[in-house]
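Quick caveat: nothing in here was measured; it's all calculated off a predicted structure. In what follows, every heavy atom counts, from backbone to side chain, and hydrogens, waters and symmetry copies are set aside. In what follows, chains are A, B, ... by sequence order, proteins preceding strands, each numbered from 1.
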Protein chains: 2
Amino acid sequence: MGTTQLETVPEPKYWHLKTVLSEALDSEFSVGEILPNERELAARFGVARATLRQALEQLELEGRLQRRRGVGTTVAPPRVGVAVGAEQHAWPGAGDTVWQPVDSTVEAPPAAVADALETGRNTLVHTVRRSRTTHGQPVAAELLYVPGQSVPDLPAIETPTGAARARAVLRELQHLELEGRESAVELGSARADDAKELDRLPGAPVLVVTTRFFAGRRVAAVSVATYRADTCRLTFGDTGGVEIHEGPERRAS
Amino acid sequence: MGTTQLETVPEPKYWHLKTVLSEALDSEFSVGEILPNERELAARFGVARATLRQALEQLELEGRLQRRRGVGTTVAPPRVGVAVGAEQHAWPGAGDTVWQPVDSTVEAPPAAVADALETGRNTLVHTVRRSRTTHGQPVAAELLYVPGQSVPDLPAIETPTGAARARAVLRELQHLELEGRESAVELGSARADDAKELDRLPGAPVLVVTTRFFAGRRVAAVSVATYRADTCRLTFGDTGGVEIHEGPERRAS
DNA sequence: GAGTGGTCTAGACCACGGG
DNA sequence: CCGTGGTCTAGACCACTCA
């Protein structure tokens, strides 16, 4: 008896490091500032570089830091709020300024999308690639899947090039009456193509927003949008597209 | 000349590993099955354990695997869709079956919440802790912040114990006419208390849903709900709370 | 070419769960 | 107790950016 053994929970080093760094970021650094490099930080805290990196990874995941190979680690600006699923009854691309059509093809969608579209697994559909930027930074890459039935007049006006074709598909889509939409958000990791468009490395954490558009009692289109999880806060609600809040918002510690 | 140098992109080992494992999961394993332990897997693939772990981490992030210390690595079931922000005009706790009141206190909210509430930084508010489970598994932990003005009759009926007090606050809230709500989703990492409630380690990836409830042209309450990012898919839309889809949904490879 | 973050190794020990 | 995943180390080399 006597060995009361308080504090039986030895906090992992990287967790403690993260806390210390987080407080230092709040008090001693300003947005955009470059931190000392990893080798020096590790030495300064008396830990192995791998351990320090574990702490940095967490802070990057939380949107506090931004790391770039060959450049360094900088203090990230607060996450930007991006409106998602506003304009409940507007088709994508209707007078859109935030999304830029990039390309368009005809191909067989991945199985999960085919299921959501309720078409057969091997049915060809139109695809439209779009990218979204805010404040000059890429924040999202989207792939929109449109079954041929949803744009019956398209083949007649077959346009050759990528972006123009994309716009044509979006234009045809406006002819349908949109009845509703359903969205889901989940965590994913960036595929190689998305990563490139988002200016991140493959495997970077992303928020995947899957939306089903309903028209004529059918699923008229499916969109899979990939948002940078480190820089974005997705906003929903009755705001009509207005961003909820701006400023130094931080989660409770 | 002659050294045409195709494939100048040496794919990282862990990335390739992830792909190989992912395909193996699809074809050779079924949900709940236990994988060989990390040391054996690493040996089998001829890589260091740390490298293998990097691949496993990614797969866990994508909800394909579940790892538990002292137990092993198992194949995760498909993510469960949880409805968020349905019933646009219902207060939290109105005949709720998915959320369980846990506790309630009076305290000063964190700065970010105080800002969202538009109360002063040091104003005391009621807090209500709730937890959400699906299929017997904990999926979310919520902290609801309610300024005293929103529940003016509460002090008179001061109830002592935690869960009962939580229910009392929620009941008082129903008296207000809810005008709308705004939600935002972002990636975070679980704090120690949330992690415990979610049966995860601290730092585990979570989807943080911040909701502002409006009544009487004011922000009447703010909710910060923390969902397990590995097991959850958050659904929004005109579904009235019905889950969007069930089944073997997988993102495009 | 110098300096950064990204990948990888081969070890060690620890915390936890279950028999 | 044993086996599991979680943490940590001290190195090495690679890929990228920029002057």
Toward the 5' end of DNA chain D, by each residue's nearest nucleotide, Val71(A) or Ala50(A): Ala50(A)

Along DNA chain D (nearest heavy atom to each residue), the more 5'-positioned of Pro202(B) and Gly70(B): Gly70(B)

Which whole-number value in Å describes the distance from [X] [atom1] to [N] [atom2]?
X	N	atom1	atom2	answer
Phe45(B)	dA10(C)	CZ	P	17 Å
Arg69(A)	dT7(C)	CZ	P	6 Å
Arg67(B)	dG17(C)	CZ	P	16 Å
Glu57(B)	dG6(C)	CD	C1'	14 Å
Glu38(A)	dC13(D)	CD	C1'	15 Å
Gln58(A)	dG6(D)	CD	P	13 Å
Leu65(A)	dG5(C)	CG	C1'	13 Å
Ile34(A)	dG3(C)	CD1	C1'	12 Å

Nearest-nucleotide pick for Gln54(B), side chain only, options being dG6(D), dC8(D), dC8(C): dC8(C)

Residue Tyr14(A), side-chain heavy atoms: nucleotide from dG5(C), dT7(D), dG6(D) that is nearest: dT7(D)

Is [X] near enough to [N] that one of its side-chain N or O atoms lies under 4.0 angstrom from OP1 or OP2?
X	N	answer
Asn37(A)	dG3(C)	no
Thr51(A)	dT9(D)	yes
Thr73(A)	dT4(C)	no

Any donor-acceptor N or O pair under 3.5 Å, side chains [X], [Y]:
X	Y	result
Arg64(A)	Ser22(A)	yes
Thr51(A)	Gln54(A)	no
Ser183(A)	Thr211(A)	yes
Tyr227(B)	Arg132(B)	yes
Ser131(A)	Gln100(A)	no

Sugar-phosphate, base or nothing in reach of Leu201(B), heavy atoms under 4.0 Å: sugar-phosphate

What about [X], does its side chain sit under 3.5 Å from the base of [N] through a donor-acceptor pair?
X	N	answer
Arg39(A)	dG5(C)	yes
Arg49(A)	dG6(C)	yes
Arg68(A)	dG6(C)	no

